[in-house]
> 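This is the structure, below, for whatever I ask next.
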Protein chains: 2
Amino acid sequence: MTASRGRAPVSRRERPAKPALSRDGIVAVAVRIMHEEGLEKATMRRLAQELDTGAASLYVYVRNTAELHGAVLDQLLTTIDLSPEAPAGQWRERLIELLGAYTELLFTRPSLARSALTLRPTGPHYLRLVDSLLALLRAGDVPVRQAAWGVDLLVQLATATAAEQGTRKETGAGDDLTFYVRDVPAGEYPDIARVGDELISGTGRQRGRWAFEALIDGIATTGTPAG
Amino acid sequence: MTASRGRAPVSRRERPAKPALSRDGIVAVAVRIMHEEGLEKATMRRLAQELDTGAASLYVYVRNTAELHGAVLDQLLTTIDLSPEAPAGQWRERLIELLGAYTELLFTRPSLARSALTLRPTGPHYLRLVDSLLALLRAGDVPVRQAAWGVDLLVQLATATAAEQGTRKETGAGDDLTFYVRDVPAGEYPDIARVGDELISGTGRQRGRWAFEALIDGIATTGTPAG
DNA sequence: ACCTGAACACCGTTCAAGT
DNA sequence: ACCTGAACACCGTTCAAGT
């Protein structure tokens with residue numbers, strides 16, 4: 001309450017004051033650049049440039065690039081709506097929906113997906129997501145250890161799918177596959193020849209949905225070793 | 001048979017002749033460096049240096065770094081023994097064994113695993129592996145579309161697991177997890193608190209094996225959409 | 001404590017010029 | 001066709017020196 005009598009809390013001259021650095025500020029700029037140009041452009045040097053400072057200054061607030069990417073992921077996770085309770089008997093549907101939302105989120109940010117794969121995120125919003133997934137598995141009466149081990153698998157599938165598909169969409173490397181299944185010599189690879197076009201059948205959505213269904217089924221029904 | 005009469009096929013002076021560049025030669029050096037120091041050291045510049053040339057010269061033989069990594073992976077895949085036929089009724093065991101061998105191969109080369117994840121390999125030895133996996137799924141009477149869609153998933157799980165675990169082993173970032181499951185406030189994340197230590201229970205091997213079992217079960221029993 | 005410029009030790013890829 | 005040096009356009013991180 002002993003306020004700033006008279007003197008404005010801005011810098012001496014009228015020029016736009018250089019805002020103080022902060023972890024949140026750095027992350028916010030990284031998120032913006034990611035949306036506009038992709039995470040790979042949100043380098044330490046670029047961030048520093050946008051914040052009108054030197055790259056070295058950022059290291060006061062973030063340990064390294066990996067940690068920064070973790071913070072960006074957690075920020076992005078705020079956009080996933082975790083609130084809907086699954087109606088009774090609908091846990092499977094809701095689980096697939098949630099995993100689909102997470103996949104889609106990463107799908108349009110392939111470089112974030114690639115980072116997330118080697119990150120083991122620990123941010124609050126990531127923990128919220130994991131907690132929600134566990135709640136749904138519990139609603140489905142999945143034994144506790146299977147749920148605990150399985151939740152990792154589900155998230156990994158989502159992340160890896162996004163990293164893989166998203167990157168290929170980016171580099172246009174996907175068409176190789178369409179080619180190779182047809183060009184494969186049937187004599188040398190009889191089983192590839194046998195399944196033929198099934199290797200590339202279905203839409204990305206259909207395959208993604210089926211993948212989650214299959215993995216959830218396996219998690220729910222396959223017993224873990226005792227211990 | 002019109003052999004090199006008299007003149008030795010080496011360079012004029014006795015100095016070690018600079019061997020001609022070739023795609024195989026480049027890949028061989030990359031494989032050696034990967035074994036000795038990790039794939040991340042096998043950069044274009046380093047390769048060129050070892051081959052006593054400029055980095056630009058390599059681009060005559062490989063399109064880019066991604067393609068080079070694909071060739072390295074295929075080379076490494078020659079070490080997996082695909083020959084054993086699965087005894088009747090043992091397809092599941094053999095499938096897990098094969099996937100385990102692939103995982104282990106990548107596990108000690110995390111940077112290769114990370115590359116493989118976004119690569120969609122098409123080398124002959126990779127196709128052999130896929131063919132073998134498909135043969136085993138056929139031996140298990142898995143419907144053809146489920147096998148075709150599932151084989152991708154199995155390979156992805158192996159690759160992602162290796163990339164994730166291997167990297168953490170490398171950077172020592174894994175211990176975070178051990179911490180966070182205990183430090184998580186039970187009030188905010190009730191389901192994480194409920195499963196508690198199960199989130200980190202079991203050895204890497206046990207979890208890996210269970211993951212493959214669960215996914216194989218799901219692939220074998222979950223129907224794909226008609227079409 | 002926070003911030004900085006400069007340095008260290010690198011990258012992948014392209015290109016004009018040579019042979 | 002193959003090979004090259006040099007250039008272009010970058011990286012992450014550390015460190016001594018300032019405030």
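Protein chains get the first letters and strands the later ones, always in sequence-line order, with residue 1 at the start of each. For the numbers below, each heavy atom of this structure counts, side chains included, while hydrogens, waters and symmetry mates do not.
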> With respect to B:V195, which candidate in A:D131, A:L134, A:V130 satisfies the side chain to side chain contact (heavy atoms under 4.5 Å, CB included) definition?
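Going through the options one by one, the only one that passes is A:L134.
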
> Between atom CG in B:L58 and atom P in D:dC2, what is the gap in whole Å?
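To the nearest whole Å, that distance equals 14 Å.
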
> From CG of B:L21 over to P of D:dC2, roughly how many Å is that when rounded to an integer?
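In whole Å, D:dC2 P and B:L21 CG are 11 Å from each other.
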
> Within this structure, what is the CD-CG distance for the pair A:E213 and A:L95, rounded to the nearest 0.5 Å?
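Those atoms lie 11.0 Å apart.
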
> Going through the checks in order, is the side-chain contact (heavy atoms from CB on, under 4.5 Å) test met by A:R46 and A:E37?
CA-CA 12 Å; A:R46 170 72 187 280; A:E37 306 172 46; 2.8 Å; yes

> Roughly how far, to the nearest 0.5 Å, is CG of B:L136 from CG of B:L98?
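Taking CG in B:L98 and CG in B:L136, the distance rounds to 6.5 Å.
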
> Applying side-chain contact (heavy atoms from CB on, under 4.5 Å), run through B:R109 and B:L39 and close with a yes or a no.
CA-CA 7 Å; B:R109 286 104 180 168; B:L39 186 68; over 6 Å; no

> Could you go through A:Y102 and A:L77, starting from their C-alpha distance and side-chain angles, then the distance that decides it, and tell me whether this counts as side-chain contact (heavy atoms from CB on, under 4.5 Å)?
CA-CA 8 Å; A:Y102 182 59; A:L77 249 24; 3.7 Å; yes

> Please state the P separation for the pair D:dC10 and C:dA9 - nearest whole angstrom.
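Pairwise P distance, D:dC10 against C:dA9, rounds to 23 Å.
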
> Which distance, rounded to the nearest 0.5 Å, do you find between the CG of A:L154 and the CD1 of A:I219?
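Atom-to-atom, A:L154:CG and A:I219:CD1 are 3.5 Å apart.
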
> How does protein reach along nucleotides 10-19 of chain D, written 5' to 3' as B (base within reach of a heavy atom under 4.0 Å), S (only sugar-phosphate), or - (no contact)?
-BBBBB----

> Just how far is it from atom CD of A:E50 to atom CD1 of A:I26, taken to the nearest 0.5 Å?
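It is 12.5 Å, given to the nearest 0.5 Å.
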
> Any chance you could encode DNA chain D as dot-bracket? Rule is Watson-Crick or G-U wobble with both distances under 3.5 Å; [ ] for pairs crossing earlier ones, | for another strand.
||.|||||...|||||.||

